[in-house]
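Structure, as structure tokens:
As a basis for the values below, the full set of heavy atoms in this structure was taken, side chains included, without hydrogen atoms, waters or symmetry mates. In this text the structure is predicted, and so the values were computed from the model without any measurement.
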Amino acid sequence: MKEKLLVILTLSCSFIFSQNKIDSNYVDYFKNTREVPFLHLNKTSFLLGEEIWFNAYVQEQNSRKLHSTTSNLYVSIFNNDGTLKNQQLIHIKKGIGSGSILLDSTYTDQYYHIKASTRWMKNFNEDNAYYQKIKIISKNNKKYSVIENEEVAFDYKLFPEGGHLIANAINSIGILIKDKNNKGLKIEKGIIRDQRNNIIRQFTTNELGMNNIRLFIKENEIYRFSVVLSNGKELNAYTPKPDAKGITLNVVNKNSDKVAIHIISNKNTVQELHGKRYRIMIHNTRKFRNFYFSFDQTKQNYFLQIQKKELFSGINIVTVFNEEDHPISERLTYIHSEELFHKLKPIIKKVSPDSLKVTFTNPTKEIIYSSASFLPLTTKAYKPQNNIISSFMLKPYIKGEIENVNSLFNSKKDVKLRKLDLLLLNQGWSKYNWNTIFNNPSNTRIYPFENGIDLTVRFNKQISSKQSILIYSKENNLVHTLNPDENPWTFKNSFIKKNSTIEFGINKEDRTIKITPALSFSSGFLTERLNGYQTSQEIFINEFETSNFKPLKSEYETLNEIEIKGKKDQTIKDDPIAGAYRKIDLENSITHAGMTILEFIFSKTPPFKSITKVQLNGKNVIRDPWMLKSIYLDEVKTIHYGTNIEAPIGRPSYAFFIFTYSNIELVHKNSSTSKIKIPVGFATEKEYYSPKYPSLMNDTYKRYGAIFWKPNIKISPQRFTSVTIPISIQKKITTYIEGITSSGKLISQKIILKTD
């Protein structure tokens, strides 16, 4: 049978895209673009008064590269009870964006939750949103009590590989034990007993609380897995009752060049399966491969060995379908490839007693996009639930949470693969439900794929055919003129800033007067909730932390608003024009209608004096007098003129320095517009600033303070980029780097920088 099976595999080693029920539905279900967001936060624990700084990365799942067309990312903050507290709309450009959220005095709880998602993501059953729990350290933190019922607090589960056990056969069983803080529990000795209390065998778990064992399961037998905690408390988990008939799946993926797939049945099953054709589908939402085999009544176990190079790098989902194309068993496995990752090797140089220069080089032929958080060596403030690798490579496929992601990918290769294999075994089936794949039509899309915000302007006032309407906003780089028949008018795919101002005016003769429109917006807010994400209802005593700092004040404090009135002076003190020449301010003066600059110059030049210097907005135009014929005085802001101080002694002459209005200033001159503050829109990016910490040597700062944050580190091919950071009286600095290359290689590193 083995030889027969291998022949079938040889014939099936090419990609299968036949339009049968499984293949066509699978292609149809995953053909639409899917966004997977990740936020690199500068920290996950904050002092009250700090800001959450983040760099956003959005992956296109089908290509595994940065999403080139997505633009609207909603970053929401929830209270610990799941109530939405704040939301920002972040502008994503070619898969990258950045932002910050101030933790002001209204953040009175100890825990909050961040979610990042898009409107388009709501069309899909699978939740690919980004989640992160954050903690606020303050002087007012409350101390919560310990959960007393330890057995309830612990999470202890068994996971039959493939989804179920069958009787009178060897089955693979995953083991998972987590403590009251949802951390894996290392067990040195666990005991497996049968129903007669006989000890069958022993087991252990790793530091993530995971292991798997292969165990012969007898018919109608239930087995007890017992562990004893350090305090003497015994925890027990029980196997489910095995199925009398069926098959089970065992995938062996050790550190070699092959993956072995075992299909295991029993005597009660093989008679019924004789001659039936089963399918093993190996897939990753982008591609798939099919392997077929038929059962023989003389064989209970089947063995398939596949070269890893014939599979897909990253996560592979192994699904077994019966002769009726029903999925009956499934398992996730990981195929490692160094082509999935990239490492940065920063060069460190001390450029002053107080600062370091960190240079990131890029010897490759692709662009590198990254961000870096610089924290004190002993920081306790950086504990993300996911890094960019787990967010893009693991989370789109698994249903459960991932613990200690750094240990999964930063271990030695064989240890890493073993940990990943146990993690995927204990996740059970993938997050993609086959009933949904078979029955969910791909053309049913309720939520639009957003690209900016559509702003619709509607005027209730009748506008003359000889008039036009001006729309202007300096903050949004917007200057537009509407014709009377453009009512209503829609500014499509705009990236207007929230709380920015847009001015509206209607032209009347030679000036502009106010006109107030009605505004509507296509979006700007996303109704959000935490969905199935678990908030912490009780906090344990060993999570309790407090700060001896008062709420921090930022570098830029908000002052009471005052109004200062005075006459504008556009000259600069050090400007040689100021004081040396007579100045005429035409901004608020009445001038001769129709007079050109050239006429003005002739009128102000004394008889028998030559004109040796004429500058227009800083450019010498003495040899181009024609330029001055077409400019009238109502376009001029200021004129400086008088005897040329640069002329040789004994040869007096006149000089003129003319400054005209800019196009935007001309719009506002002699105009009156209505100003409307926009209630929705994209968040304005700010430059990072360091809070005013009371001390840089205090334990609170060393545990929870920040040194520097650098988003949007873009390194062109075969180039380098440097970042200068403060040392902040630290001998060593911990640096956390996340990023991605233009081809989709992932970067997640922890680097210690020495400052001496």
Pi-cation contact, Tyr688 with Lys710 (under 6.0 Å, within 45°)
no
Of all heavy-atom pairs linking Tyr447 and Trp120, the shortest is O-CE3, 3.3 Å
Centre-to-centre under 6.0 Å for Phe491 and Trp489, is that the case here? yes
message: Is it true that Glu528 and Ser76 share a donor-acceptor pair across their side chains at a distance under 3.5 Å?
response: no
Has Lys115 got its NZ or CZ under 6.0 Å from the middle of the six-membered ring of Tyr130, at an angle within 45 degrees of the ring axis?
no
Centroid-to-centroid, Tyr704 to Phe46, below 6.0 Å?
-> no
In short, His40 meets Ser373 closest at the heavy-atom pair CE1-N, 4.2 Å
Check your understanding: Is the His113 to Phe78 ring centre distance short of 6.0 Å?
Key -> no
For this session: Check for a donor-acceptor pair, side chain of Thr490 on one end and backbone N or O of Lys492 on the other, with a separation under 3.5 Å.
Result: no
* Asked: Taking 4.0 angstrom as the limit, do Arg34 and Glu126 come out as a salt bridge?
  -> yes
* Do the side-chain N and O atoms of His67 and Thr33 include a donor-acceptor pair separated by under 3.5 angstrom? -> yes
Tightest non-hydrogen contact, residues Leu48 and Ser138, listed as CB-CB, 4.3 Å
Result for side chain to side chain donor-acceptor pair (under 3.5 Å) between Ser371 and one of Tyr736, Trp709, Tyr57 points to Tyr57
Is there a side-chain contact between Leu41 and Ile134, using heavy atoms and a 4.5 Å cut-off? yes
message: Less than 4.0 angstrom from a charged side-chain N to a carboxylate O is my criterion; do Arg119 and Glu35 meet it?
response: no
Of all heavy-atom pairs linking Ser98 and Asn712, the shortest is OG-ND2, 3.2 Å
Next item on the list: Could you walk me through whether Lys399 and Trp429 pass side chain to side chain contact (heavy atoms under 4.5 Å, CB included), step by step?
Entry: CA-CA 8 Å; Lys399 293 178 285 190; Trp429 288 43; 4.3 Å; yes
>> Side chains of Ser390 and Asn386 only: does a donor on one sit below 3.5 Å from an acceptor on the other?
In response: yes
| Is Arg286 positioned over the aromatic face of Tyr26, cation under 6.0 angstrom from the ring centre and no more than 45 degrees off axis? | no
Are side-chain N/O atoms of Lys714 and Ser370 paired as donor and acceptor at under 3.5 Å? no
Asn476 and Lys497 have their tightest heavy-atom pair at OD1-N, 2.8 Å
